[in-house]
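The next block holds one structure in the form of structure tokens; read it before the comments.
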Amino acid sequence: MAITEIVPGIHYVGVNDRTTTRFEGLWSLPQGVSYNAYLVVGEKIALIDTVEEAFGSRLEANIREVIGDRRIDYLVINHMEPDHSSSIATLRRIYPDLQLVANAKALQMVEGYYGVKGNAIEVKEGSTLDLGDGKSLSFHMIPMVHWPETMVTWCAEEQTLFSGDAMGTFGALDGGITDSQVDAERYWDEMRRYYACIVGKYGAPVQKALQKLATLPVRTICPTHGPVWQQHIGRVLDLYDRMSRYEGEPGVVIAYASMYGNTEQLAERIARELVSAGVRNIRLYNLSYADPSVVLRDVFRFDTLLVGGPTYNGGLFPPVGELLDKLAARCIPQRRFGWFGSFNWAGASVRLLGEFAQKMKWETLCDPIEMRQGFGEKMFDACHALACNVAEKLRNKA
Ligand code: FEO
């Protein structure tokens with residue numbers, strides 16, 4: 001078996017990117033990212049998705065390593081975000097007879113982004129493509145996981161699902177391709193972070209997709225980022241199910257920002273009191289410095305969120321406002337919420353955090369703490385009371 005072969009006749013031809021620092025111009029990539037593409041080789045040859053344009057020549061080299069000078073007959077386009085589609089024009093130049101296989105929305109986007117049109121097979125839900133030599137593909141629409149044109153491709157003979165962004169992770173592949181060839185533990189947090197940042201708004205479409213795909217006897221999942229899943233399919237599907245239902249596990253994220261350290265001391269004291277009240281699994285983030293993708297990841301992961309910040313120009317301190325914007329954009333339907341804030345001469349942050357909780361229709365855990373000017377012993381009782389209240393609510397709901 002060739003070193004690129006995942007299952008008989010299906011090869012990995014993707015690439016790793018360890019130089020881009022911000023995915024989508026937004027999200028950090030401390031461990032890089034992979035852009036996965038796959039070749040399905042029958043009598044005819046299909047390439048499933050491409051890679052980011054800057055890596056087009058590596059994709060070509062990977063393809064030639066597998067099929068030499070044979071031509072690619074079909075390019076299946078599961079998803080049009082440019083991290084997967086921006087080598088399409090290059091491939092058309094290298095393989096001028098290449099037929100595009102995509103749904104109507106994707107074909108419109110191919111022309112819109114790259115000016116590429118013609119020589120295409122438009123597919124719909126359940127369409128099939130016979131490659132010969134015991135390989136066929138079928139196509140299933142999963143709109144909004146992550147764009148409206150998104151679909152998955154199923155190879156029934158090899159029980160292999162090409163799942164697009166679904167079940168993908170940040171993190172480059174360090175030599176291994178399948179989950180049995182890598183340290184899978186490294187990727188769970190990167191899967192959560194990828195989901196929270198990229199797909200997190202689309203919980204309902206992900207749920208629909210999971211229900212649709214549940215009927216397929218999947219033995220291999222080939223996503224567009226991260227490892228190919230074979231050994232851990234149950235865990236992957238369970239994690240996706242819980243994340244797309246916005247279900248948090250027991251734990252508290254305390255996200256705060258502080259101009260001169262007073263609100264920070266409030267946050268630290270609340271955390272210490274929470275521990276003393278028996279709460280474990282606490283993550284404390286200073287929003288002026290924390291990686292927003294990591295904070296989002298843990299807000300998706302845990303069921304309780306405490307947010308605090310000073311009043312600034314009569315409103316929220318900007319790093320706190322930015323977090324609230326990201327949470328609202330992801331339409332997270334439920335979190336247990338507590339809040340605290342500070343001011344010098346006129347308070348606003350506590351009121352605005354309370355209004356945010358109301359707008360989100362989140363369960364509020366207790367009265368907030370509002371601190372005037374500096375932190376000191378005067379705040380100890382309030383921190384103790386808030387922490388006991390939160391701990392009791394968590395115990396009652398456990
Ligand atoms: Fe990996 Fe939505 O693109």
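Atoms within each ligand, like the ligands themselves, are counted from 1 in listed order.
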- According to the salt bridge (charged side-chain N to carboxylate O under 4.0 Å, His left out) rule, which pairs have a member within residues 18-45, sequence neighbours left out? R18-D174

Show the atom names and distances, to 0.1 Å, of all donor-acceptor pairs under 3.5 Å that link a side chain in residues 120-134 to residues at least two apart or in another chain.
from: E125; atom 1: OE1; to: M141; atom 2: N; distance (Å): 2.8
from: E125; atom 1: OE1; to: K212; atom 2: NZ; distance (Å): 2.7
from: E125; atom 1: OE2; to: H140; atom 2: ND1; distance (Å): 3.1
from: S127; atom 1: OG; to: K124; atom 2: N; distance (Å): 2.8
from: S127; atom 1: OG; to: K124; atom 2: O; distance (Å): 2.9
from: D130; atom 1: OD1; to: G132; atom 2: N; distance (Å): 2.9

- Message: Centre-to-centre under 6.0 Å for W188 and H232, is that the case here?
- Response: yes

- Task: Check whether more than 12 heavy atoms from other residues, nucleotides or ligands sit under 6.0 Å from atom CZ of R186, and answer yes or no.
- Result: yes

- Task: With 2.8 Å as the limit, jot down which protein N, O or S atoms are around atom 1 (Fe) of ligand 1.
- Result: D83 OD2, H84 NE2, D165 OD1, H225 NE2

Taking distance alone, no hydrogens or angles, what donor-acceptor pairs closer than 3.5 Å link side-chain atoms of residues 199-208 to residues at least two apart or in another chain?
from: Q207; atom 1: NE2; to: D241; atom 2: O; distance (Å): 3.3
from: Q207; atom 1: NE2; to: D241; atom 2: OD1; distance (Å): 2.8
from: Q207; atom 1: NE2; to: S244; atom 2: OG; distance (Å): 2.9

- Looking at I221, I177, T169, V236, which one forms a side-chain contact (heavy atoms from CB on, under 4.5 Å) with P227? T169

